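Everything numeric in this text was worked out from a predicted model, so none of it was measured. Convention: sequence-line order gives letters A, B, ...; per-chain numbering from 1. Below, all heavy atoms of this structure are taken into account, side chains as well, without hydrogens, waters or symmetry copies.
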There are 2 protein chains.
Amino acid sequence: MNIGNASDKSGLPAKTIRYYEDIGLLKPDRADNGYRDYSMSDVHKLRFLQRSRGLGFSVEECRQLLALYGDKSRASADVKSIAQSKLQEIERKIIELRELQLTLKHLVTHCHGDQRPDCPILESISGTAGSS
Amino acid sequence: MNIGNASDKSGLPAKTIRYYEDIGLLKPDRADNGYRDYSMSDVHKLRFLQRSRGLGFSVEECRQLLALYGDKSRASADVKSIAQSKLQEIERKIIELRELQLTLKHLVTHCHGDQRPDCPILESISGTAGSS
DNA sequence: GGTAGTCTTTCCAGTAACTGGAAGGTCAAG
DNA sequence: CTTGACCTTCCAGTTACTGGAAAGACTACC
């Protein structure tokens, strides 16, 4: 499959996919005509990258996660410790998203959508949901 | 409160805080000595920025969210529509994080942490949890 | 009052992660 | 055999920081 197709399936722009190859995240085959040729496995990796980048993980973190994902020869203890530290981060991100969600939901349900610009929640956002 | 303190409380580096001021996200007072002087409200905004950036929202999106957060004179209908579209995005992000979480949890529970480098999950990651 | 150490300021340069555009080769349809 | 959509590389620009220099300000101790 060539890059446009892989782009559609992964949700990443072709530019970005080539960039990821440049920095060594991915090495697709090449067809005889010089076109990149993506396998389903490549596409899964790309989709994985698309998601984790969108969730605020850095490219380097993604590289680690991708290593878990693809490198079966790696020692399991190693895999396990990386995965566990990322799990904590994910847990935290979920909590933060829930807090943000709560805030915005209040906003949507308590504000009227009419001409009344008085949203009582806006003043209280700051103090609530203090964690970390 | 000056910038080091605001940095500690928000979790953002001082450099980043100054940068956010440069691009107009924040306008702290200035003390007589020229030092920036942050109010609690400023700190809440910074903390808010720290979180939403970490969750994969762009600075421009954060600017919008910050506008909801701070601009009480805005028409409620406007606030509501922005908040609602962001809510959908948050919902999606939570789902994606849960999927990632599931994958990594499988990894942690099924891999042994010993010398056995055979993680059966790694092969099946790709196919599962297809959404969007 | 001096001075060491830790702030803070601005400015300018560098990095990370893309993103756009030019110049040109490839391919499938008509 | 040309037209249009795709692909290639390369190079420049953008976004969102990040590091470091040079200089002013504050705290504390002698």
Participant: Atom CG of A:Asp8 to atom P of D:dA5: distance rounded to whole Å?
Facilitator: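 Roughly 15 Å, once rounded to whole Å.
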Participant: When the distance from CD1 of A:Ile17 to P of D:dT9 is rounded to whole Å, what number comes out?
Facilitator: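 From A:Ile17 CD1 to D:dT9 P: 13 Å.
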Participant: Return whichever of B:Ile3 or A:Val59 has its heavy-atom-nearest nucleotide of DNA chain C closer to the 5' end.
Facilitator: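 Its nucleotide being nearer the 5' end, the pick is B:Ile3.
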Participant: Return the nearest nucleotide to the side chain of A:Thr16; candidates are D:dC17, C:dG21, C:dC18.
Facilitator: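 Side chain of A:Thr16 sits closest to C:dC18.
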Participant: Within this structure, what is the CG-to-P distance between B:Asn2 and D:dC26, rounded to whole angstrom?
Facilitator: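 To the nearest whole Å, that distance equals 10 Å.
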Participant: Please compare A:Gly34 and B:Tyr19 by the position of their nearest nucleotide in DNA chain D and report the one closer to 5'.
Facilitator: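 Of the two residues, A:Gly34 wins.
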Participant: Over how many whole Å does the gap from B:Asp37 atom CG to C:dT9 atom C1' extend?
Facilitator: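 My rounded result for the distance is 15 Å.
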Participant: Should B:Arg36 be listed as having a side-chain N or O under 4.0 Å from OP1 or OP2 of C:dT8?
Facilitator: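 No, no such contact exists.
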Participant: Roughly how many Å is it from NZ in A:Lys15 to P in D:dC10, rounded to a whole number?
Facilitator: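 So the two atoms are 12 Å apart, to the nearest Å.
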Participant: Treating Ile, Leu, Val, Met, Phe, Trp and Tyr as nodes and any side-chain heavy-atom pair under 4.5 angstrom as an edge, say whether B:Ile17 and B:Tyr19 lie in one connected cluster.
Facilitator: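 Looking at the clustering, B:Tyr19 is in the same group as B:Ile17.
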Participant: Would you indicate, yes or no, if C:dA16 has its OP1 or OP2 atom less than 4.0 angstrom from a side-chain nitrogen or oxygen of A:Arg63?
Facilitator: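 Negative; the distance criterion is not met.
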Participant: Using whole Å, what does the distance between atom C1' of nucleotide C:dC18 and atom CZ of A:Phe57 come to?
Facilitator: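 Rounded to the whole Å, the gap is 20 Å.
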Participant: Hydrophobic cluster membership, with links at side-chain heavy-atom distances under 4.5 Å among I/L/V/M/F/W/Y: are B:Leu46 and B:Tyr35 in one?
Facilitator: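 Different clusters.
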Participant: State which residue, out of A:Asp32, A:Asp29, A:Asp42, A:Asn2, fulfils the side-chain contact (heavy atoms from CB on, under 4.5 Å) condition with A:Asp37.
Facilitator: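 Exactly one pass, corresponding to A:Asp29.
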Participant: Hey, does the side chain of B:Tyr20 come within less than 4.0 Å of D:dA16's phosphate (OP1/OP2), counting only N and O?
Facilitator: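 No, B:Tyr20 has no side-chain N/O under 4.0 Å of OP1/OP2 on D:dA16.
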Participant: By nearest heavy atom, map B:Asn33 and B:Glu60 onto DNA chain D; which one lands nearer the 5' end?
Facilitator: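 Result: B:Glu60.
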Participant: Side-chain N or O of B:Arg18 less than 4.0 angstrom from OP1 or OP2 on D:dT18?
Facilitator: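 Looking at the OP1 and OP2 atoms of D:dT18, neither is under 4.0 Å from any side-chain N or O of B:Arg18.
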Participant: Between D:dC26 and B:Tyr35, counting only base atoms on the nucleotide and side-chain atoms on the residue, is there a donor-acceptor pair under 3.5 Å?
Facilitator: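 Counting by modelled atom types and ignoring angles, no donor-acceptor contact under 3.5 Å is found here.
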Participant: In whole Å, what is the span from the CG atom of A:Asp32 to the C1' atom of C:dG25?
Facilitator: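 To the nearest whole Å, that distance equals 15 Å.
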Participant: Quick one, B:Arg30 with B:Glu21, criterion salt bridge (Lys or Arg N to Asp or Glu O under 4.0 Å). Give me CA distance, side-chain angles, the key distance, then yes/no.
Facilitator: CA-CA 12 Å; B:Arg30 292 284 176 145; B:Glu21 185 178 348; 3.4 Å; yes
Participant: Could you state whether A:Phe48 and A:Val59 fall into the same hydrophobic cluster, counting links through intermediate Ile, Leu, Val, Met, Phe, Trp or Tyr residues with side-chain heavy atoms under 4.5 angstrom apart?
Facilitator: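 In one cluster with A:Phe48: A:Val59, yes.
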Participant: In whole Å, I'd like the distance from the CG atom of A:Leu49 to the C1' atom of C:dA17.
Facilitator: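 In whole Å, C:dA17 C1' and A:Leu49 CG are 12 Å from each other.
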Participant: Reckon B:Ser58 has a side-chain N or O less than 4.0 Å from the OP1 or OP2 of D:dT15?
Facilitator: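 Checking D:dT15 against B:Ser58, no side-chain N or O comes under 4.0 Å of OP1 or OP2.
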